[in-house]
Amino acid sequence: MTDRRTILLGTLGATLATPALAQQRGGQPQGRRQAAATRPPGAPADTPLGPLDVQARQAIMVDFSTGATLLEKNADERMAPSSMSKLMTMYVVFEKLKAGQLQLDQMLPVSERAWRMGGSKMFVDLGAQVKVDDLIRGVIVQSGNDACIVLAEAISGSEQQFAELLNETGRRIGLQNSSFRNATGWPDPEHRMTCRDLSILARRIISDFPEYFPYYNERSFRFNNISQDNRNPLLSRVAGADGLKTGHTEEAGYGLTGTVKRGDRRVILVVNGLPSMRARAEESERLMEWAFREFEAVVLFRAQDTIEEVPVYIGERSKVPMVGGRDLVLTLPRQWRSRLQVRLRYEAPLTAPIARGQQIGEMLVSGQGVPELRVPLMAGADVERLGLVSRIPAVVSRMVFGARS
């Protein structure tokens, strides 16, 4: 008969985490006590470690690799994204480059509308031709509204039509609460995004366009004999910072979509509604350091790892490897590691035939204060059923002696 097996692998001392785990709330962390000494004004954000005081009106922090939410506050509140919405403009530009519909050395004309555009500028000249490569730097480093208009008109014919393309692209990549009315983030009551959508967009830029993402790490750019510095405060204040974009309007306050990579870990932070540039710089630095201090990425298993050899009945091989099929990395508060327990659950022996990729068991992760996680495990190889003649001894043995592992 079939034996349902549950194997306790023990408390996890050196391996583990999942996207969902880091969204649960636990007890008071050491970092919570440390943060209290320099508590900023403002309502707290939700974190797996309990409330954390955050000055921003809206905020979210996610782990790039696992998608785990480390912190959120009004993350689904539609807000004025100001120049952070230029990330959407650049996503479309990068798509056009990747598809060969734009070239970095291509020259684009400057219309009167682009030249007259107010706000932050890269200072293009009326009637001039500007390289796409320069326009990208003008948008990313200098936050140039004029550069955005030049790109929008070249791609779609008008900024209004380009905004329609932004909306179509946003829906396609999973932005559920964003609506775009222009290419720049210029104030408009219907031009809205959420912190969560901005974090999704940042993740997509980093993963979809690794060849263009380094633009966001450029500290300054000189065009038309005017040199301007990148406004992203993380680049000069936080080790491992390498992008993305700031924003500011009277309605929105000061905002930032930023990212930091240290070793194999990358964290994305979105904050908005801060009262000053200084507050934006200090808050983003504090939250990034908190994330790397309080959380860790733990490898549960790699895609190629054999987790267990499972016995097989009437199969051409006596055992089949049980695998995860993909890397599983979890993001957890550091103090949770010692509480984790891992169990395997599967039927044994399995009856052939078995197909590679077929689910044959599951891994259960749990522990004191840690929500239970179930991870499906698959067969790592095909196992054909024995032929009729070859099956007879196995069937007789099973009838006489019962199931054996």
Side-chain angles (χ1 to χ4, degrees), residues 81-98 101-163 165-166 180-188 191 205 209 211-236 241-250 252 254-258 277 280-281:
S82 56
S83 286
M84 290 187 289
S85 69
K86 289 184 172 81
L87 292 170
M88 191 70 238
T89 293
M90 295 317 302
Y91 189 93
V92 169
V93 170
F94 293 156
E95 276 200 330
K96 296 299 182 183
L97 286 168
K98 203 163 189 175
Q101 296 171 344
L102 272 182
Q103 305 295 328
L104 287 175
D105 60 357
Q106 184 176 346
M107 306 297 288
L108 301 182
V110 178
S111 68
E112 182 173 353
R113 188 172 188 281
W115 175 67
R116 289 188 180 278
M117 186 65 196
S120 53
K121 302 166 71 74
M122 73 175 286
F123 297 103
V124 295
D125 290 327
L126 176 61
Q129 299 275 328
V130 184
K131 257 194 319 187
V132 169
D133 185 63
D134 287 338
L135 290 166
I136 291 172
R137 289 183 164 89
V139 174
I140 291 174
V141 181
Q142 300 173 336
S143 199
N145 292 334
D146 48 359
C148 288
I149 303 299
V150 173
L151 288 163
E153 291 177 341
I155 291 170
S156 297
S158 71
E159 187 181 13
Q160 182 177 358
Q161 289 178 307
F162 186 75
L165 177 58
L166 295 181
F180 302 97
R181 295 296 179 266
N182 56 64
T184 64
W186 193 259
D188 185 301
H191 190 96
I205 288 174
F209 307 112
E211 67 273 44
Y212 303 126
F213 176 66
Y215 279 114
Y216 286 97
N217 196 23
E218 295 190 10
R219 309 301 173 90
S220 65
F221 176 57
R222 187 176 183 84
F223 182 80
N224 243 352
N225 294 319
I226 301 170
S227 183
Q228 297 184 65
D229 293 331
N230 195 317
R231 296 171 172 84
N232 184 347
L234 292 177
L235 297 179
S236 60
D242 56 359
L244 299 158
K245 190 75 187 71
T246 60
H248 171 252
T249 62
E250 289 299 320
Y254 288 84
L256 168 71
T257 300
M277 291 178 64
R280 176 174 64 190

Rounded to the nearest 0.5 Å, what separates atom OG1 in Thr89 from atom CD in Glu159? 8.0 Å

Quick check on Gln161: does its CD atom have over 12 non-hydrogen neighbours (other residues, nucleotides or ligands) under 6.0 Å away? yes

4.5 Å side-chain heavy-atom contact, Thr246 and Pro233: yes

Just wondering, are more than 12 heavy atoms of other shown residues or ligands nearer than 6.0 Å to CD in Glu250? no

Name the one of Gln228, Gln142, Arg231 that satisfies side-chain contact (heavy atoms from CB on, under 4.5 Å) with Ser120? Arg231

Can you name the closest pair of heavy atoms from Ser227 and Arg222 and give their distance? CB-NH1, 3.5 Å

Hey, could you give me the OG/NZ distance between Ser143 and Lys245, rounded to the nearest 0.5 Å? 3.0 Å

Just say parallel, tilted or perpendicular for the rings of Phe94 and Tyr216, cut-offs at 30° and 60°. perpendicular

Supply the atom-to-atom distance Phe123 CZ to Ile226 CD1, rounded to the nearest 0.5 angstrom. 5.0 Å

How far apart are the C-alpha atoms of Leu244 and Phe213, what are their side-chain angles, what is the distance that settles it, and do they pass the side chain to side chain contact (heavy atoms under 4.5 Å, CB included) test? CA-CA 9 Å; Leu244 299 158; Phe213 176 66; 3.1 Å; yes

Quick one: CG on Leu102 to CG on Asp133, what's the gap to the nearest 0.5 Å? 12.0 Å

Relative to the ring of Tyr254, is the ring of His248 parallel (under 30°), tilted (30 to 60°) or perpendicular (over 60°)? parallel

Nearest heavy-atom neighbours spanning Tyr215 and Val141: O-CG2, 4.3 Å

Please give me the minimum heavy-atom distance between Asn145 and Gly119, naming the atom from each residue. ND2-CA, 3.6 Å

Could you check whether any side-chain heavy atom of Trp186 comes within less than 4.5 Å of a side-chain heavy atom of Met117, counting everything from C-beta outward? yes

Are Ile140 and Glu218 close enough, and set up right, to give a side chain to side chain contact (heavy atoms under 4.5 Å, CB included), and what steps lead you there? CA-CA 9 Å; Ile140 291 174; Glu218 295 190 10; over 6 Å; no

Considering only heavy atoms from C-beta outward, does the side chain of Leu108 approach that of Val132 to under 4.5 Å? yes

Do Val92 and Phe162 come close enough that some side-chain heavy atom pair is under 4.5 Å? yes

Counting C-beta onward and ignoring hydrogens, is there a side-chain heavy-atom pair between Asn182 and His191 closer than 4.5 Å? yes

Applying side chain to side chain contact (heavy atoms under 4.5 Å, CB included) to Val110 and Asp146, what does each step give before you reach the verdict? CA-CA 8 Å; Val110 178; Asp146 48 359; over 6 Å; no

Drop me the distance from Ile136's CD1 to Cys148's SG, to the nearest 0.5 angstrom. 11.0 Å

Verify the neighbour count for atom CE of Met277: are there more than 12 heavy atoms of other residues, nucleotides or ligands below 6.0 Å? no

For Phe209 and Glu95 the tightest heavy-atom approach is CZ-CG, 3.6 Å

Asn232 and Leu256, any side-chain heavy atoms less than 4.5 Å apart: yes

For the side chain of Arg219 and the backbone of Asn217, is there at least one donor-acceptor N/O pair under 3.5 Å apart? yes

Mind telling me whether Phe223 and Phe221 have parallel, tilted or perpendicular rings, with 30° and 60° as the class edges? parallel

Can you find a pair of side-chain heavy atoms, one from Asp188 and one from Phe180, that are under 4.5 Å apart? no

Side-chain contact test, heavy atoms from C-beta onward, threshold under 4.5 Å: evaluate it for Val150 versus Val130 and give yes or no. no

Minimum heavy-atom distance between Ser156 and Leu165, given as atom pair plus value: OG-CD2, 3.8 Å

Sidechain-backbone polar pair: Lys86 side chain, Thr184 backbone, donor-acceptor under 3.5 Å: yes

Tell me, with the steps shown, if Arg137 and Met122 meet side chain to side chain contact (heavy atoms under 4.5 Å, CB included). CA-CA 9 Å; Arg137 289 183 164 89; Met122 73 175 286; over 6 Å; no

Are the side chain of Ser85 and the backbone N or O of Ser82 linked by a donor-acceptor pair below 3.5 Å? yes

Just how far is it from atom CG of Asp105 to atom CG of Asp134, taken to the nearest 0.5 Å? 11.0 Å

State, to 0.1 Å, how close Gln129 and Pro109 come at their nearest heavy-atom pair, and which atoms those are. NE2-CB, 3.6 Å

